[in-house]
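Per chain, numbering begins at 1; letters A, B, ... match sequence-line order. Basis for what follows: all heavy atoms, side chains included, without hydrogens, waters or symmetry-related copies.
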There are 2 protein chains.
Amino acid sequence: MSTHPGRAASAAKQQRGKSPLTAETGPASSGDSGGASADITEHELKRRAILEGAAAVFARRGFVAGTTKEIAAEVGLSQPAIYHYVGSKSDLLREIALQVDRDLFAALESGIARSTNPAEQLRGIIEEYTAAVVRDRRVFAVFWQEGHSLPQEIQDRIREDQRDFITRVGKIVARLQRSKVLPPGPVAVMARAILSMPSWMYHWYLPEGQMTATEIADVYCRLIGLGERR
Amino acid sequence: MSTHPGRAASAAKQQRGKSPLTAETGPASSGDSGGASADITEHELKRRAILEGAAAVFARRGFVAGTTKEIAAEVGLSQPAIYHYVGSKSDLLREIALQVDRDLFAALESGIARSTNPAEQLRGIIEEYTAAVVRDRRVFAVFWQEGHSLPQEIQDRIREDQRDFITRVGKIVARLQRSKVLPPGPVAVMARAILSMPSWMYHWYLPEGQMTATEIADVYCRLIGLGERR
DNA sequence: CCTACCGATCGGTAGG
DNA sequence: CCTACCGATCGGTAGG
């Protein structure tokens, strides 16, 4: 059923408050290593900068309209030069999407791990998820907007992971319904409704905003009757 | 401040439960028809069919990747033929976006008009908005996903209209806070949180779904403590 | 990591 | 409303 527990767990450990693209990209850095410099870190750093630049360009203009030339300019390279660091334009999107996918599960696991009390778990998930979106708004925007430009295989995998995500949140929702903290209703719809609040933020949140992620998450929690409401 | 009351009001009258792009869906598949007909309706019907096809293609592949050839195929025309009905590919997106913009305000006005009681007004907005998204899922998807492909002028106008939308819902939220139906907190964030539930639906709602728009909207309302909850 | 450049795609027009 | 086709853009490679 679930293909990601391993991925999610390791992601949760690796990235504590870091951008999903600057953490650890995995054993992908092997392969070419053509130049004289034997320092793999140098190459890997540039690679991450390119991924960041790609996220910025794709967020601004979309995957198809965003050109490799723009991405290269974002990091001070010529357009053909980025092919020394990544295999193709499509790879850039794929890596961004898979990193967000892992980051979502990291938020889920981390939120659940806070407590055994379902109300505190749901609050934890909402807070961690909100923090993740605030931290990497552009990357999440690319993830949610450019899905149809991904290879079908990756689309399928992400879709399946999303289902798992909803299922797991749904189980917590069901417990909260039994204890009358949440009203009755189909758990899948209710889980999606709750998660849509942080998800939707990439449409409106601005980094210059005055509120912190925690404060915003608290509004979401009170709205659904979690915590010391009224 | 608000540039749309007129547009919204007329849109509310025109479309009662119909797709914003096809006020008339009748015998659109009329085949060819000889060139003799001087009937402007014939031309307009084809034009609407092209807009529907464009929405389908853009929803599936995005604005830039979706080609005019695909759109033409969707309605059984050759690629150059669609330029007899629309000025440019960009026009297709512009018309789709402006129609959704109007439809959003129609839902707002229609929901508010249901009552003078703010709780009923908010429920009305949620129900109308949910119904609109369910009715035209693909068109809303294009609206929210392909915004960056719109001409800057249109982007600005939509952004302003969105602000108005939030402001108006925020006023109802504020009244509900005063009467303790909703918890305290920044009205703009709370309004966005509430609206994100129907907005987000274009990511997950499937037309084969078992629930009606009204039932889903009811889940949203109960979740935020509206109605006969508990 | 750069300059040159190829191959393919695609929006839009010509001209009937 | 079609066949042909132009002009421009862009991803990726060659070859240093």
Measure centre to centre between the rings of B:F58 and B:F63, then say whether the value is under 6.0 Å. yes
Looking at A:R168 and A:E109, does any basic side-chain N land under 4.0 Å from a carboxylate oxygen? yes
Distances under 3.5 Å between nitrogen or oxygen atoms of protein and nucleotides 2-6 of chain C:
residue	atom	partner	partner atom	Å
C:dC2	OP2	A:S78	N	3.0
C:dC2	OP2	A:S78	OG	2.4

What integer distance in Å separates B:H84:NE2 from C:dG12:P? 17 Å
OP1 or OP2 of D:dC10 less than 4.0 angstrom from a side-chain nitrogen or oxygen of A:T67, does that happen here? no
Touch class at under 4.0 angstrom, heavy-atom based, for A:G87 against every strand present: nothing
Roughly, in whole Å, what's the span from CD1 in A:I71 to P in D:dG12? 10 Å
I'd like to check the side-chain contact (heavy atoms from CB on, under 4.5 Å) partners of A:V219; sequence neighbours left out, ordered by chain and number. A:M211, A:R222, B:P186, B:V189, B:M190
Under a cut-off of 3.5 Å for both distances of each Watson-Crick or G-U pair, what dot-bracket string does DNA chain D give, using [ ] for crossing pairs and | for inter-strand pairs? ||||||||||||||||
What is the distance, to the nearest angstrom, from the NZ atom on B:K89 to the C1' atom on C:dG11? 8 Å
So among A:E95, A:E42, A:E52, which one has a salt bridge (charged side-chain N to carboxylate O under 4.0 Å, His left out) with A:R47? A:E95
Locate the shortest heavy-atom distance separating B:S196 from B:A193; write the atom from each residue and the value. OG-O, 2.5 Å
Among the nucleotides D:dG11, C:dT13, C:dC1, which one has an atom lying closest to any side-chain atom of A:Y85? C:dC1
In chain order, what residues pass the salt bridge (Lys or Arg N to Asp or Glu O under 4.0 Å) check against B:E127, with sequence neighbours excluded? B:R114, B:R123
What salt bridge (Lys or Arg N to Asp or Glu O under 4.0 Å) pairs are there with at least one residue in residues 199-216 of chain A, not counting sequence neighbours? none
With a cut-off of 3.5 Å and sequence neighbours excluded, list every side-chain donor-acceptor pair involving residues 149-156 of chain B.
residue	atom	partner	partner atom	Å
B:Q152	NE2	B:D156	OD1	2.9
B:Q155	NE2	B:G147	O	3.4
B:Q155	NE2	B:L150	O	2.9

